Structures are given as C-alpha cells and as structure tokens.
Undergrad: 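Just dropping this structure here.
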Amino acid sequence: MITAVFNSIAPVEWLLPLAVALSGLVSAALYLRKRQQINAALVLVAGLALALTLAGLRLPAGAAAPLTIQSDAATAVTAAQLSRVAAASEIDLRGDGLRDAEWRDVPARPLQWAPKAADLLWLDFPRTLALGRQFTLTVRRGAAQAGWRLQLLAENHQILADSGVATAVSTTQRVQWLPPVAEAMVLQARLLDQAGKVIAQGPVPLQVKDALPLQVRGLFDAASFDARSLNQLLVDGGALVEWNVTLGKAVSRNEVAREPLSAPNLLFADAAYIEHLAPAARSALLAQVRQGVPLVILGGNAADAALWQREFGLPLQAQSATTEKEDMRQFALAGTQLALAPAPWNPAQSAGGWSVLARDDRKQPWLWQHAMQRGRMLWLGVTDWHRYAISAPQALAAWWQLALDEMALPSAGKLAWQLDDPMPLAGLRTEACVQGAAAGAMLQVQGQAQLPLQYRRDKADAACAALWPAQAGWLPMTLSATQAPEQERLYVFASSDWPAWQRALRRDATARYAARYTPAQAQASMEGGATGAPAPVPVAALLPVAPAGLLCIACMLVLWWREQFSPAATGSHKAEPV
C-alpha cells in the first residue's frame with residue numbers, strides 16, 4: 001500500500017514538497033537550538049502539512065468495493081452498470097456471463113466467477129456459400145453422450161441430411177448437404193436423444209450465391225475418359241472452358257469457351273502433353289505460370305520420370321501394382337465413399353521443393369504443389385474418377401469442387417464482407433466489416449441511418465461499422481459510395497433461439513475477458529498505464545487538501561502569536577543591555 005501511494009507521484013513532482021519539508025526541519029532545528037520546543041513542533045507540523053498539501057498523495061482504487069453483476073437476470077446488464085466497472089476493484093459475476101459485445105469496451109478487472117454445470121452447444125457452419133459448394137453443419141456438445149443424432153431440415157421441415165445415431169460416446173456430430181439453387185434460406189437443425197426426443201432445435205441461416213465462373217484452359221496430349229468427365233463437370237458448373245485434345249498425329253479437337261477468356265485462373269494439362277512439348281513451348285507455358293496462373297498436371301499418363309526430375313526438380317516413383325488396392329485414395333462425400341486409384345507415377349516422399357497440398361480421409365497424399373514466383377504447379381496423383389460420373393455424380397462433383405478450391409486462384413470480386421459474429425442477437429451490438437471498400441463509403445442498413453465505415457488495426461484492410469439490429473430475421477445491408485452497390489444480408493437471431501448455444505458463447509466470451517487481466521497489467525495500471533495496458537485505475541486523494549492547508553495556516557498563526565504576544569514563552573523579546 002505504501003509503495004503504491006508513493007508511486008502515484010512522479011519523481012519531478014517531489015522536488016517542491018521535499019524543499020518545503022526540509023525548510024520545516026531546518027526551522028525546527030533552529031528553534032530547538034534555542035530550547036523552544038513548542039515553536040519547533042509548530043513549525044515542523046506546519047512544514048509537513050504544507051508539503052503534504054503540495055504533494056497531493058493518491059491512493060489506488062484497490063480500496064473500492066467490488067461490483068456484483070447478475071448476468072442471468074431478466075434485464076441482463078445495463079449500460080450504467082457496465083460503466084461502473086472502471087471504478088470497481090473486482091467483478092463478482094453470477095450466471096453464465098456476458099457476450100463479446102458487452103465485454104468489449106469494459107476495462108480489465110479481476111473476475112470472480114464460478115459457472116454452474118449446464119447443457120452447452122456450439123454450432124459451426126458457413127453463413128454464405130457459393131453454389132456448387134457443400135454445406136457442412138457441425139454441432140458440438142459440452143458433455144459426451146451416446147445415441148444422439150443431428151438432423152438438417154428444410155424450411156418446410158423436410159429432412160435434408162441426417163448424421164445417424166452416434167454409436168459411441170461422442171461430443172460432435174456433422175451433416176452435409178449440397179444446395180441445389182442460389183437463394184437465402186433459413187434451415188432448421190434438430191438434435192435428438194437416444195429415444196428420439198428433441199433435445200434442441202433452432203434456425204440455421206444460409207445464403208447460397210452464384211459463384212463467379214472459373215476461366216479454364218485444358219491442354220491434353222491424348223483423349224481419356226477422365227479428361228472428358230472433367231470437361232463436363234466444369235461446363236455443368238458454369239466455368240468458361242477452352243479445351244484442346246490431341247486425337248492423332250495431325251488431328252486435334254478444340255472447344256472454344258462461350259465467352260472469351262479475359263483472365264484465365266486455371267490451366268489443366270496431362271503429363272504426356274508436358275513431356276512432348278518442345279523446350280521453347282514448355283518455357284512459354286511456364287512463363288505464364290510464373291505470372292500467377294496455376295498449372296494442374298494430371299499424372300495418370302506420365303512416362304518420362306527423368307524429364308520431371310531434370311526440368312522440374314520432381315522425383316517420381318512408380319506405384320507398385322501389388323499394393324494398388326491398399327493405396328486407393330478414400331473420400332467420404334455426399335453420403336458416398338469414393339475410392340480413386342493412384343497415378344502410376346507419383347512424387348516421392350522427399351520431393352525437393354514440392355510439398356503435399358491435400359490428403360485423403362486416410363491421410364494419404366493425392367495433390368502436390370510447387371511454387372513458381374507468383375504462380376504454382378500442381379500434380380494430381382489420382383486417376384479413374386470417370387467411373388463415378390454415372391454411379392455417384394453428386395459425390396464426384398463434390399470431390400472436384402473440393403479439389404478446385406485447393407487448385408484455382410480466387411475469382412476477383414469487388415468486395416469481401418466479414419460478418420464474424422457467430423450469433424447476432426436483436427437489441428445487441430454487432431459489427432459488419434468490408435474488405436475493399438472505397439474511402440468514404442457508408443454502410444446503409446435497412447431501417448437505420450447510414451453508418452460510416454472505419455478502419456481498425458485488428459482487421460487487415462477492412463473497414464467496420466457497429467450496428468444494433470432491432471428485430472430478428474434477415475437484415476439487408478448495402479454500401480453507398482462511388483462504387484456500385486454490393487448487397488449483403490445479416491441474419492439476426494431472436495433471444496429465444498438456441499439457448500444452449502447462447503450460454504456457451506457467453507461463457508467463452510467471459511473466459512476471454514477474464515484472461516485479459518494479468519498481474520503485469522495490474523502493475524502497469526497502478527504505475528500510470530502503458531501502451532496496450534488496461535485503462536488507468538481511478539485514484540482518490542489520501543488527504544483532503546483543505547484540512548492539510550488549514551492545519552498549516554493554524555500552526556503558523558499560533559507561532560506568530562507566540563512570538564509577538566508571548567515573549568516570556570519564546571524568550572525572543574529580552575531587553576537589550578544598555
């Protein structure tokens with residue numbers, strides 16, 4: 001306590017009070033030399049009182065009372081109550097805690113909190129999805145149980161996907177579904193126990209958008225069923241495709257895209273095409289790759305391992321025919337198990353500058369990459385996927401979509417919205433961030449005034465705005481600026497949606513807030529704060545200024561009276577000798 005009191009004054013501010021105190025000591029010593037003890041005591045007390053008045057000693061706010069917060073109350077927590085956190089010595093929290101939006105602007109304080117055991121849920125799913133991508137919903141429970149299942153329901157309550165009954169004790173269940181159309185929808189997720197009773201159910205918002213088409217060029221030395229099925233998948237997916245296949249010594253088949261390729265973002269070529277290229281043509285192709293266009297090599301017809309080692313630093317090893325069955329790459333997609341055969345030649349384990357980009361469900365590599373300045377080369381080490389074009393087309397499309405997400409460059413978009421709040425609630429603050437927004441852009445939210453976008457240090461190249469949704473449902477948002485408007489929708493949950501998930505989010509946010517307060521931060525606060533430290537702790541005066549000043553004045557008046565009107569007591573007015 002004493003250390004904290006004296007640390008509250010800067011070293012420079014000690015000079016004047018110290019000078020006053022020393023003057024009082026010197027004056028008291030002179031009075032004692034004349035054996036005037038009362039006067040010495042008066043001048044010493046006056047000097048010390050004046051020094052304390054000038055010093056202005058402060059006491060840290062550790063003596064302040066703790067603040068009790070009832071987070072589970074019907075009215076929850078008011079802004080006035082949160083404003084009192086800064087003056088509190090600690091927080092005594094009751095209940096499940098507060099959300100991130102409530103803890104964000106509150107300074108760090110010691111937290112006394114012991115949450116009770118309760119049923120908790122965490123939901124993980126994408127809010128926005130491009131058409132053709134598979135939607136995955138993952139639900140995690142706080143306690144592991146057996147016999148429960150997860151179902152995904154459409155808006156008309158038709159079952160879209162079912163995880164099946166958990167045969168073992170587990171905390172996680174997952175369902176997948178491929179949206180057929182591009183639209184905004186509010187699905188339902190339902191958890192059932194072993195007896196089929198509903199444990200929890202709530203909305204799952206999803207926006208499915210039309211993806212910007214890929215611009216793909218294909219260069220093949222020989223026709224194959226794999227290349228044909230890949231071409232059909234790309235065309236069915238809306239990609240702009242230019243396909244060139246060599247059918248004979250002087251015969252080739254060319255397919256022109258429905259629109260000119262303005263900026264190709266993916267090149268396909270089989271290994272034989274690269275092997276048979278002239279050195280100058282191969283150099284021109286690689287120059288295009290170095291400019292930023294990925295080149296995917298289909299390794300099914302590779303034959304010249306020495307060329308790949310010499311020209312590309314890629315050591316290839318032959319696939320043994322006796323182990324082909326064990327080396328099949330396994331993928332579980334859209335409720336179907338795909339088993340794809342490995343290519344006859346695949347990169348060795350120590351493949352120079354090449355690295356594994358993707359593995360299958362059994363952790364076996366099937367896609368390798370090698371960086372080349374702004375671009376990269378990729379080796380696709382599986383074949384015979386055309387066998388699933390008829391028997392499992394949905395699973396094959398999902399696998400190729402997974403592969404394309406790893407291979408292709410992202411399509412250039414005007415804006416990128418970032419809605420990081422996992423569960424926006426009506427009446428509670430949330431935020432919307434935009435990457436690529438023009439300077440001076442304003443966020444227009446339906447039913448609200450325009451909000452200015454501001455850049456934040458913790459959001460790279462993104463501008464954000466805070467908003468308070470008034471009601472549950474879809475909330476349209478647009479940007480109003482010199483650029484063309486880009487609309488986005490934010491789904492706002494009702495306060496009654498997913499109570500177990502809300503409870504889990506509040507506990508997670510409260511745990512993060514508790515971690516903000518550390519002993520180092522507490523010491524920094526007492527010593528005046530530092531960059532990045534919590535808000536300075538409020539201080540109160542140790543001694544009120546008025547009493548100390550009045551004591552100094554009173555002592556000086558008594559001393560003056562004694563010297564002027566009580567010469568017998570002071571002995572300072574003895575008669576001078578004649």
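Quantities reported herein were computed from a predicted structural model and do not represent experimental measurements.
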Undergrad: Measuring from N231:CG to W243:CH2, what's the distance to the nearest 0.5 Å?
TA: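 With rounding to 0.5 Å, CG (N231) is 5.0 Å from CH2 (W243).
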Undergrad: In Å and rounded to the nearest 0.5 Å, what is the CG to CD distance from D405 to Q134?
TA: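 Atom-to-atom, D405:CG and Q134:CD are 11.5 Å apart.
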Undergrad: Anything under 30° is parallel, anything over 60° is perpendicular, the rest tilted; go ahead and classify W474 against Y491.
TA: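 Perpendicular.
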Undergrad: With a 4.5 Å limit on heavy-atom distance, are the side chains of L121 and I199 in contact?
TA: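 Result no, sub-4.5 Å side-chain heavy-atom pair not found.
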Undergrad: What I want to check is whether the side chains of Q151 and D162 have a donor and an acceptor closer together than 3.5 Å.
TA: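 Checked: Q151/D162 side chains pair up, N/O donor to acceptor below 3.5 Å.
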Undergrad: Does the side chain of W368 come under 3.5 Å of the side chain of S355 through a donor N or O and an acceptor N or O?
TA: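 Judged by distance alone, the side chains do not pair up.
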Undergrad: To check you understand the geometry: which heavy-atom pair defines the closest contact between Q176 and A332, and what is its length?
TA: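 Reported closest heavy-atom pair: OE1-O, 4.4 Å.
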Undergrad: Return yes if some donor-acceptor pair links the side-chain N/O of Q288 with the main-chain N/O of G292 below 3.5 Å, else return no.
TA: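 Checking the backbone N and O of G292 against the side chain of Q288, no donor-acceptor pair under 3.5 Å is found.
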Undergrad: So, for A426 and A470, which heavy atoms are closest and what is the spacing to 0.1 Å?
TA: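 That would be CB-O, 4.1 Å.
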Undergrad: Would you say W385's side chain and D226's backbone share a donor-acceptor pair under 3.5 angstrom?
TA: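 Flag set: sc W385 to bb D226 pair under 3.5 Å.
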Undergrad: Taking C-beta and beyond as the side chain, do W148 and L192 meet within less than 4.5 Å on heavy atoms?
TA: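 No, every pair of side-chain atoms sits at 4.5 Å or beyond.
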Undergrad: Scan side-chain atoms only and decide if R489 and Q207 contain a donor-acceptor pair under the 3.5 Å cut-off.
TA: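 Q207 and R489 do not have a side-chain donor-acceptor pair below 3.5 Å.
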Undergrad: Do D119 and R141 have side-chain heavy atoms sitting under 4.5 Å apart?
TA: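 Side-chain contact under 4.5 Å: yes.
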Undergrad: Would the distance check show the side chain of D360 and the main-chain N or O of F331 forming a donor-acceptor pair, the cut-off being under 3.5 Å?
TA: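 No: the side chain of D360 does not pair with the backbone of F331.
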Undergrad: Quick one: do D124 and R140 make a salt bridge, cutoff under 4.0 Å?
TA: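 No, no charged N to carboxylate O under 4.0 Å.
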Undergrad: Side chains of R174 and T138: do they bring a donor and an acceptor to under 3.5 Å?
TA: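 Yes, because at least one side-chain N or O of R174 sits under 3.5 Å from a partner of the opposite role on T138.
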Undergrad: Report the C-alpha separation of I91 and V85 in whole Å, then their side-chain angles, then the decisive distance to 0.1 Å, and conclude whether the side-chain contact (heavy atoms from CB on, under 4.5 Å) test is met.
TA: CA-CA 7 Å; I91 300 175; V85 171; 3.7 Å; yes
Undergrad: Do L187 and L153 have side chains that approach each other closer than 4.5 Å (heavy atoms only, starting at C-beta)?
TA: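 No - every pair of side-chain heavy atoms lies 4.5 Å or more apart.
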Undergrad: Flag the pair T336 / Q394 as yes when at least one side-chain heavy-atom distance between them is below 4.5 Å, and no otherwise.
TA: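 Not in contact.
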Undergrad: Determine, stepwise, if the pair L490 / L467 fulfils side-chain contact (heavy atoms from CB on, under 4.5 Å).
TA: CA-CA 11 Å; L490 173 70; L467 56 142; 4.2 Å; yes
Undergrad: Apply side-chain contact (heavy atoms from CB on, under 4.5 Å) to residues T172 and V139 and explain how you reach the verdict.
TA: CA-CA 6 Å; T172 305; V139 175; over 6 Å; no
Undergrad: With a 4.5 Å heavy-atom cut-off, do L152 and I159 have their side chains touching?
TA: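 Side chain of L152 against side chain of I159, heavy atoms only: no contact under 4.5 Å found.
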Undergrad: Any chance the side chains of R506 and Q502 put a donor and an acceptor closer than 3.5 Å?
TA: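 R506 vs Q502: no donor-acceptor pair found between side chains.
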Undergrad: How close do L137 and A189 get, counting heavy atoms only, and between which atoms?
TA: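 Looking at all heavy atoms of both residues, the shortest contact is CD2-CB, 3.7 Å.
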Undergrad: Under 6.0 Å from the ring centre and within 45 degrees of the ring axis: does the NZ or CZ of R359 meet both conditions for the six-membered ring of W366?
TA: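 No; the conditions do not both hold, so R359 does not lie above the ring face of W366.
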Undergrad: Can a donor-acceptor pair be found, under 3.5 Å and without considering hydrogens, that links the side chain of W113 to the backbone of G95?
TA: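 Answer holds: yes.
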Undergrad: Taking atom CD of Q194 as the centre, report whether more than 12 heavy atoms of other residues, nucleotides or ligands fall under 6.0 Å from it.
TA: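 Counting other residues, nucleotides and ligands, CD of Q194 stays at 12 neighbours or fewer.
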Undergrad: Decide if atom CD of Q471 counts as having more than 12 heavy atoms of other residues, nucleotides or ligands within a radius under 6.0 Å.
TA: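 No, because the 6.0 Å sphere around CD of Q471 holds 12 heavy atoms or fewer from other groups.
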Undergrad: Can we say E488 and R127 salt-bridge, meaning some charged N sits less than 4.0 Å from an Asp/Glu carboxylate O?
TA: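 Judged by the 4.0 Å cut-off on N to carboxylate O distance, E488 and R127 do not form a salt bridge.
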Undergrad: Taking Q448 for its side chain and W468 for its backbone only, find out whether a donor-acceptor pair lies under 3.5 Å.
TA: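 Flag set: sc Q448 to bb W468 pair under 3.5 Å.
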Undergrad: Closest heavy-atom contact between A200 and W498?
TA: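 Heavy atoms only, the tightest pair is CB-CZ3, 4.0 Å.
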Undergrad: Say you draw a straight line from CZ of R374 to CD of Q291; how long is it, rounded to the nearest 0.5 Å?
TA: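 Rounded to the nearest 0.5 Å, the CZ-CD separation comes out at 5.5 Å.
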Undergrad: Are any non-hydrogen side-chain atoms of R376 and L357 less than 4.5 angstrom apart?
TA: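 Yes, at least one pair of side-chain atoms sits under 4.5 Å.
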Undergrad: Do you know which two heavy atoms are closest between A509 and R99, and how far apart they sit?
TA: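 In terms of heavy atoms, the two residues are closest at CB-C, 3.9 Å.
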Undergrad: Using 0.5 Å steps for rounding, measure from the CG atom of D100 to the CD atom of E431.
TA: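 Going from CG on D100 over to CD on E431, the span is 10.0 Å.
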Undergrad: Closer than 3.5 angstrom, by distance alone: can the side chain of N265 be matched with the main-chain N or O of L214 as a donor-acceptor pair?
TA: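 Absent.
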Undergrad: Rounded to the nearest 0.5 Å, what's the gap from CD on Q369 to CE on M377? Could you check?
TA: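 Rounded to the nearest 0.5 Å, the CD-CE separation comes out at 12.0 Å.
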Undergrad: Looking only at atom types and distance, does a side-chain atom of D497 sit under 3.5 Å from a main-chain N or O of A494, one as donor and one as acceptor?
TA: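 Flag set: sc D497 to bb A494 pair under 3.5 Å.
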Undergrad: Answer yes or no: is there a donor N or O on one side and an acceptor on the other, between the side chain of S391 and the main chain of R387, under 3.5 Å?
TA: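 Judged by distance alone, yes, a pair lies under 3.5 Å.
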Undergrad: Sub-3.5 Å donor-acceptor pair from the side chain of T510 to the main-chain atoms of L98, do we have one?
TA: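 Such a contact is found between T510 side chain and L98 backbone.
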Undergrad: Side chains of F268 and L380: does their closest heavy-atom pair fall under 4.5 Å?
TA: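 Counting from C-beta outward, F268 and L380 never come under 4.5 Å.
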Undergrad: List the steps, then state whether side-chain contact (heavy atoms from CB on, under 4.5 Å) holds for L111 with Y513.
TA: CA-CA 9 Å; L111 184 65; Y513 171 76; 4.3 Å; yes
Undergrad: Look up atom CE in M423 and atom CG in L428, then write down how far apart they are to the nearest 0.5 Å.
TA: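 Between atom CE of M423 and atom CG of L428 there are 11.0 Å.
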Undergrad: When you measure from the side chain of Y517 to the backbone of P107, do you find a donor-acceptor pair of N or O atoms at a distance under 3.5 Å?
TA: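 Between the backbone of P107 and the side chain of Y517 there is no qualifying donor-acceptor contact (under 3.5 Å).
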Undergrad: So which heavy atom on A101 is nearest to which on R429, and how close?
TA: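 Heavy atoms only, the tightest pair is CB-O, 3.2 Å.
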